[in-house]
Amino acid sequence: MEKANYIRHPNPVHRGNPLVEGLGFPLSKQQVQKRCSVKFEGELDLTEVPEDLHGYYIRSSILNLFSVHVCQDEMVELYENIRLGIECGYIGRNPLKPDFQRVIVAIERDKDAPLKAQNIKRLNLLENSFTFLLSGLSGRGKSSMTKAALRLIPQHLYHKDYLQTTGDSVSLDIKQITYLYVEHHDRQGQKAFLTSILEAVDEATDETYAYHHRNSTVKELINAVRKALVIHHVGALIIDEAQNFAKASTDLKIGTNEKTSMKFVEELINTLGISTIFVGTFSALELFTREMTITRRTIRAGSMNLGGCPVDSPFWINLCHVLFTAIKLKGEADEEGLLRQKLYELSAGIPAIAVSMVQATLRFLSYYEPAQQTLTIDALAYVANKQFSPLAGPVRALLTGEYHKYEDLKPMLLLEEVNPSGDNVTLARAKEIEQQAQAMLEDYKEKRVLAGRLQAKQVMSSSSTRDEELRRIGDKLSPKNLLGLLGDDE
């Protein structure tokens, strides 16, 4: 357990709270990018290996490509959102103030009606809760990026002596768990979901909550989870596979067979002020937008929605460079730019598919004689066709925008690209520039894939459209324009 590294927090809302100030300073952009990358380790020592087995061990090292981690372009922003979420999770829960005991007392008083939580709600901790959604295509690297960000944040902190702003030293004996990570699989019922949280607490603290509550009712589990999160000073709960939540019902019930919904999580966690970070596919985004109240409360700090990686993004270029150069085969290879473009066509810019295709192609080539081990665009296409043909349909749909053909892709019809430059280029002009740029890539004139950061489209109502048309007609009939038609524009 790491010792708390106290700072004087610049934000007055967090100043004087050891749970926040003990986190120390966050990492800089450069530190995040450096520390989240995992280099390829595949250098072989074949001195004592029979020559006829060299190919076997080369193929073994090729599989190491799955463990490579190249820092994604969105990594820094995700790290900061998780870190900020942890800090916000301690607003109203300062162990040096009466707040902490009030929460514990409120949980105990609400044990018979845990979802109504009248005593907890009187503390108004929900107003401080930080909630964020990370959604994206399957294989985009959401979970690996989240786990990489969490590794940069100390999960266990021990507090002993804290120096207050008054100059007085306070002796503390606090073991703080800054965050918990859970996976929500297969539309779990409420009891299974609550148990998974207790299991995460046990793993982080060496307690045995899950075992002691194995026969508890859902009501008892709700109280146990709430107490555990508060007692161990958990700042944020990260929930992966969020698309598996059930649709929110108007009448929220509790029971062993009841499915877990976003509304249930809100009542369970956010009422305590604890932050929640949701990670899931675009199906999660669609799920969250079904009910405005739930959406507003469960995505209070916004969302990050990720399509395929842009072909010219630093991450895609770096990832492809690592994939194409990590393993040195005997034969020559095509120019890296051509390979990168071809891989993009075959994978639609999805990292998991790209890594699988490259490693499969390298393994396929390793069976040939050294002179024939040439990594080419034809080799990539051949292996993709033979070994990854089931992915051809979804990839084509991503490249051509035919998202309606696949259930997992349908939510992308509600999205559009975020302008990364942030300038005032009009949408029409941006599309024109984009079309010109795409036309320069002869092999990809017909393709279009939503890439990078995405946002929900702004839908203009029919009345707004009519108003805009009337305004344009009015401009044409203005006195100045009429005088211009008569040859007198002064």
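Below, all heavy atoms of this structure are taken into account, side chains as well, without hydrogens, waters or symmetry copies. All values reported here derive from a predicted model rather than from experimental measurement. Numbers for residues simply follow the sequence, beginning at 1.
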Does the ring of Tyr90 carry Arg93 above it, NZ/CZ under 6.0 angstrom from centre and within 45° of its axis? no

Are [X] and [Y] close enough for a salt bridge, meaning some N to O gap below 4.0 Å?
X      : Y      : result
Lys263 : Glu266 : no
Lys121 : Glu267 : yes
Glu80  : Arg83  : no

Are the side chains of Leu343 and Cys320 in touch, meaning some heavy atoms are under 4.5 Å apart? yes

Going by heavy atoms in the side chains, are Phe193 and Ile239 under 4.5 Å from each other? yes

For [X], does the [atom1] atom have more than 12 heavy-atom neighbours from other residues, nucleotides or ligands under 6.0 Å away?
X      : atom1 : value
His156 : NE2   : yes
Arg15  : CZ    : yes
Lys111 : NZ    : no
Glu336 : CD    : yes

At their closest point, which heavy atom of Val355 faces which heavy atom of Leu319, and how far apart are they? CG2-CD1, 4.4 Å

At what distance, to the nearest 0.5 angstrom, does CD1 of Ile350 lie from CZ of Arg140? 9.0 Å

Side-chain H-bond candidate by donor/acceptor type, Gln243 with Glu241, under 3.5 Å: yes

